[in-house]
Amino acid sequence: MEGQVIGRSEHRAFAGMLCCAFLSVLLAFASAARLRAAEVSVWIYHNYPPFIIDMTGERGLSYDLARMLGDMSDGAFDFQVMVLPRQRLNQRLEAGQPGLVMWANPAWFGDTGRTRYRWTTPILKDRNVVISPTDVAFEYSGPRSLTGAMLVGVRGHRYQDVDRLVAGRLVDRMDVRSERSLVQFIASNRGRVAIVAESAMTYYIQNLGLGDAIHISDQPHSNYHRYIMVQPDLEDVRDFLEDAVPKLIASRAWQKIISDYGLIRPDSP
């Protein structure tokens, strides 16, 4: 009897050791899988809300999107957001450094044929709207309707079909340093008219309580889609995004996020 008791005890001990060893192996594999996640540089040059709200706290739509894509990859990719001025971004692209650019459009990178870079399905619908103080509401009807006006713009930004009117001195232009300054400038009735991305304007109007002070023209300056642009060498990332992005934009989680930022328009599908 004593020998049988000792045998059972040894059997239980051995089984326990096997179980621990098995768990250790599983943990090792899980740890190795995490270590194998490929780090992907995500370059953001739209350094304003809702795309970037707080870099230190990693708050904003860019961080939300990067985290969602990382989760969808099951640990295969670790998307790391990096905020860069457009000039430095261009230098990285020209040097062929591996990475991707969020919120881009082929026309802005001289790639309307989509042959230089790889482009995902559109990730967001946006437009540039024309705003003015409510007290002196301005209705935009094309670039020529700005003739004689003082256009408030963001320093370094280009405005399609309007820049040539500025160059021809048919439209005056003054620049402010950021989208936030532009929206506040118009809301305080210090500027006559301005062109701004609706995504940024919506965020500032909601968070600064400026809705009653700003008039939005019925006709926008331009409509466009935002994409994720991928360097050609990142074929594995491109293949993943090609499959993941359509699923992401159709998901309830993504729809809730962009709704929380006020980015769903009445004319959106």
Side-chain angles (χ1 to χ4, degrees), residues 32-126 154-158 178-179 197 199-200 203 224-251 253-254 257-258 261 263:
R34 285 193 296 270
L35 292 174
R36 285 198 301 270
E39 188 170 298
V40 180
S41 295
V42 177
W43 300 322
I44 307 293
Y45 71 96
H46 296 88
N47 187 14
Y48 54 83
F51 306 111
I52 298 293
I53 295 175
D54 177 13
M55 283 190 284
T56 302
E58 297 191 347
R59 293 175 52 238
L61 191 58
S62 301
Y63 297 106
D64 295 334
L65 179 54
R67 282 189 284 265
M68 289 183 74
L69 290 173
D71 291 342
M72 291 180 73
S73 77
D74 292 326
F77 300 111
D78 180 15
F79 295 94
Q80 291 292 314
V81 172
M82 181 183 303
V83 179
L84 297 172
R86 177 63 190 265
Q87 185 176 359
R88 285 179 58 195
L89 168 62
N90 289 345
Q91 292 171 350
R92 290 178 181 240
L93 293 173
E94 291 167 6
Q97 295 185 28
L100 57 86
V101 183
M102 285 182 180
W103 320 120
N105 183 283
W108 306 339
F109 288 85
D111 193 27
T112 53
R114 306 189 190 191
T115 56
R116 186 177 180 186
Y117 304 105
R118 303 295 177 261
W119 298 87
T120 66
T121 299
I123 196 85
L124 188 69
K125 179 188 288 188
D126 207 345
V154 176
R155 189 177 299 120
H157 283 212
R158 296 178 180 177
S178 68
E179 282 74 9
S199 50
Y203 178 87
Y224 51 88
H225 287 93
R226 296 185 183 273
Y227 302 73
I228 300 176
M229 185 183 86
V230 186
Q231 285 279 55
D233 292 342
L234 294 177
E235 293 183 6
D236 52 347
V237 178
R238 180 201 63 197
D239 291 343
F240 163 70
L241 292 176
E242 191 173 89
D243 178 65
V245 169
K247 295 177 181 176
L248 182 143
I249 61 178
S251 69
W254 177 248
I257 285 175
I258 63 174
Y261 285 112
L263 299 180

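Everything numeric here is computed off the predicted structure, so don't read it as measured data. Numbers here simply count residues along the sequence, with the first being 1.
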*asked:* Would you say that Leu241 contacts Leu100 through its side chain, given a criterion of any heavy-atom pair below 4.5 Å between the two side chains?
replied: yes
*Determine whether Ile123 and Trp254 make a side-chain contact, defined as any pair of heavy atoms from C-beta on separated by less than 4.5 Å.*
yes
*Please test Asp243 against Lys247 for salt bridge (Lys or Arg N to Asp or Glu O under 4.0 Å), starting from the C-alpha separation and ending with a verdict.*
CA-CA 7 Å; Asp243 178 65; Lys247 295 177 181 176; 3.2 Å; yes
*What is the distance from atom OG of Ser73 to atom CE of Met68, rounded to the nearest 0.5 Å?*
12.5 Å
*Can you tell me how far the CH2 atom of Trp119 sits from the CD1 atom of Ile228, to the nearest 0.5 Å?*
11.0 Å
*Ignoring hydrogens and angles, state whether a donor on the side chain of Arg118 or Tyr227 is under 3.5 Å from an acceptor on the partner side chain.*
no
*Within the distance-only criterion (no hydrogens, no angle test), does the side chain of Ser62 pair as donor or acceptor with the backbone N or O of Phe51 below 3.5 angstrom?*
yes
_For the backbone of Gln97 and the side chain of Gln231, can you confirm whether one donor and one acceptor N or O come within less than 3.5 Å of each other?_
yes
*Parallel under 30°, tilted from 30 to 60°, perpendicular over 60°: which one fits the rings of Tyr224 and Trp108?*
perpendicular
*Is it true that the side chains of Tyr261 and Asp64 contain a donor and an acceptor less than 3.5 Å apart?*
yes
*asked:* In the structure I gave you, are the side-chain heavy atoms of Arg86 and His46 within less than 4.5 Å of one another anywhere?
replied: no
*Please round to the nearest 0.5 Å and tell me the distance separating atom CG of Asp78 and atom CZ of Arg67.*
11.5 Å
*Does some side-chain heavy atom of Asp54 sit less than 4.5 Å from a side-chain heavy atom of Glu58?*
no
*asked:* So Tyr63 and Ile52, do their side chains get closer than 4.5 Å, heavy atoms only?
replied: yes
*Can you sort out the partners of Arg238 under salt bridge (charged side-chain N to carboxylate O under 4.0 Å, His left out), two or more places apart, ordered by chain and number?*
none
_Once you measure the plane-to-plane angle for Phe77 and Phe79, does it fall in the parallel (<30°), tilted (30-60°) or perpendicular (>60°) bin?_
tilted
*Any side-chain heavy atom of Leu84 sitting closer than 4.5 Å to one from Arg92?*
yes
_Whether over 12 other heavy atoms sit under 6.0 Å from Met55 CE_ = no
_I'd like to know if the side chain of Asp111 reaches the main chain of Arg116, judged simply by a donor and an acceptor atom lying under 3.5 Å from each other, with no hydrogens or angles considered._
yes
*Side-chain contact test, heavy atoms from C-beta onward, threshold under 4.5 Å: evaluate it for Met229 versus Arg114 and give yes or no.*
no
*Between Leu65 and Leu248, is a side chain to side chain contact (heavy atoms under 4.5 Å, CB included) present by the stated rule, with each step listed?*
CA-CA 9 Å; Leu65 179 54; Leu248 182 143; 3.8 Å; yes
*Counting distance only, does the side-chain N/O of Thr121 pair as donor-acceptor with the main-chain N or O of Val245 below 3.5 Å?*
no
*Looking at Ala197 and Asp126, what are the two nearest heavy atoms and their distance?*
CB-OD2, 4.3 Å
_I want to check something: taking the side chain as every heavy atom from C-beta on, are Leu93 and Trp43 in contact at a cut-off of under 4.5 Å?_
yes
_With sequence neighbours excluded, residues passing side chain to side chain contact (heavy atoms under 4.5 Å, CB included) with Pro98_ = Leu234
*Could you give the distance from OH (Tyr203) to CG (Leu61), rounded to the nearest 0.5 Å?*
11.5 Å
*Looking only at atom types and distance, does a side-chain atom of Asn105 sit under 3.5 Å from a main-chain N or O of His225, one as donor and one as acceptor?*
yes
*Indicate the atoms forming the closest heavy-atom contact of Pro50 with Ser199, along with that distance.*
CD-O, 3.4 Å
*Please assess Val154 against Glu179 for the test side chain to side chain contact (heavy atoms under 4.5 Å, CB included), listing each intermediate value before the final yes or no.*
CA-CA 6 Å; Val154 176; Glu179 282 74 9; 4.0 Å; yes
